[in-house]
Amino acid sequence: ERFYAERALRAGAQGYVMKQEAVEKVVEAIREVLRGELYVSQEMAGRMLHKFIRGAPAEDASPVQHLSDREMEVFHLIGQGYSTRQVAELLHLSIKTIESYRANIKAKLHLKNASELAQYAVQWIEHAAQSQRLH
């Protein structure tokens, strides 16, 4: 939740609700946003406040957080097993553009080659899915 909520808020979202939240929480979030307030869960608000006051804890130090939104989208598709050509077709971009994104992602994540990138992306997606199941 932290990763996507922070990214969404930085991109201009007025709130973030996890999909497994109860209907009452969704209604509460909508009301908050309509009043011109920001909405995140209490847990998320606490973590964000802690991060602001104390600095980012070690668990937030994931280099994946430094990816742009488009790089994150490409990274996610790589983790799902899509080839460069398939990613290009899905995103309606050229293969050269996707290759540039892949190179940027490898540099930001300090990965040596395409195999390391694919392995890291798969592991990251599996970890994110497991974290979501635990919450």
Side-chain angles (χ1 to χ4, degrees):
E1 178 184 20
R2 256 178 297 153
F3 180 79
Y4 291 108
E6 288 180 24
R7 188 172 281 265
L9 293 168
R10 277 196 307 268
Q14 296 299 306
Y16 186 89
V17 179
M18 290 183 59
K19 60 185 170 186
Q20 68 263 23
E21 287 288 354
V23 173
E24 296 82 23
K25 287 290 183 185
V26 175
V27 171
E28 177 185 341
I30 292 169
R31 287 185 177 138
E32 287 280 324
V33 170
L34 287 174
R35 283 195 303 267
E37 302 294 327
L38 294 176
Y39 180 87
V40 292
S41 69
Q42 271 191 313
E43 179 184 351
M44 184 65 207
R47 286 183 178 175
M48 291 175 84
L49 186 57
H50 184 268
K51 183 176 177 180
F52 175 75
I53 292 171
R54 307 250 190 264
E59 66 182 337
D60 286 345
S62 171
V64 173
Q65 291 183 326
H66 300 291
L67 299 180
S68 70
D69 289 341
R70 182 61 95 175
E71 289 167 345
M72 189 62 205
E73 194 172 15
V74 171
F75 180 71
H76 192 77
L77 291 170
I78 291 168
Q80 291 178 316
Y82 289 99
S83 69
T84 300
R85 179 177 299 281
Q86 291 169 320
V87 172
E89 289 172 2
L90 284 167
L91 300 180
H92 306 289
L93 297 170
S94 73
I95 292 173
K96 277 197 159 299
T97 300
I98 300 305
E99 288 172 347
S100 293
Y101 282 123
R102 289 175 63 102
N104 291 341
I105 294 166
K106 284 189 292 188
K108 287 181 179 182
L109 301 181
H110 309 292
L111 302 171
K112 296 175 191 161
N113 54 47
S115 296
E116 283 187 9
L117 173 58
Q119 183 178 12
Y120 192 95
V122 167
Q123 289 173 347
W124 190 86
I125 287 174
E126 288 173 354
H127 175 73
Q130 182 181 20
S131 293
Q132 192 123 37
R133 284 191 299 270
L134 294 175
H135 295 310

Engineer: Listed by chain and number, what are the side chain to side chain donor-acceptor pair (under 3.5 Å) partners of Glu37, not counting sequence neighbours?
Structural biologist: none
Engineer: Can a salt bridge be assigned to the pair Glu99 and Arg102 using a cut-off of 4.0 Å between side-chain N and carboxylate O?
Structural biologist: no
Engineer: Might you point out which heavy atoms bring Glu21 and Ser41 nearest each other, and give the distance in Å?
Structural biologist: OE2-CB, 4.4 Å
Engineer: Let me check something: any side-chain donor-acceptor pairs from residues 73-85 under 3.5 Å, sequence neighbours excluded? List them with distances.
Structural biologist:
residue	atom	partner	partner atom	Å
Glu73	OE1	Arg70	NH1	3.0
Ser83	OG	Gln86	N	3.1
Ser83	OG	Gln86	OE1	3.3

Engineer: Look at Arg35 together with Glu32 and state whether they make a salt bridge at an N to O cut-off of under 4.0 Å.
Structural biologist: yes
Engineer: Following the transitive rule for hydrophobic clusters with a side-chain heavy-atom cut-off under 4.5 Å over Ile, Leu, Val, Met, Phe, Trp and Tyr, establish whether Leu90 and Ile98 coincide in one cluster.
Structural biologist: yes
Engineer: Locate the shortest heavy-atom distance separating Leu111 from Leu117; write the atom from each residue and the value.
Structural biologist: CD1-CA, 3.6 Å
Engineer: Please, which pairs that meet side-chain hydrogen bond (donor to acceptor under 3.5 Å, both in side chains) have at least one residue in residues 108-118, sequence neighbours excluded?
Structural biologist: Glu71-Lys108
Engineer: Could you please spell out the steps behind the side chain to side chain contact (heavy atoms under 4.5 Å, CB included) verdict for Val87 and Tyr101?
Structural biologist: CA-CA 11 Å; Val87 172; Tyr101 282 123; over 6 Å; no
Engineer: Count I, L, V, M, F, W, Y as connected when their side-chain heavy atoms are under 4.5 Å apart, and connections chain through other members. Are Val33 and Ile30 then in the same cluster?
Structural biologist: yes
Engineer: Look up atom OG1 in Thr97 and atom NE2 in His92, then write down how far apart they are to the nearest 0.5 Å.
Structural biologist: 13.5 Å
Engineer: Within the structure provided, determine whether Met18 and Met44 are in side-chain contact (heavy-atom separation under 4.5 Å).
Structural biologist: no
Engineer: Step by step, work out the side chain to side chain contact (heavy atoms under 4.5 Å, CB included) result for Tyr39 and Lys25.
Structural biologist: CA-CA 10 Å; Tyr39 180 87; Lys25 287 290 183 185; 3.6 Å; yes
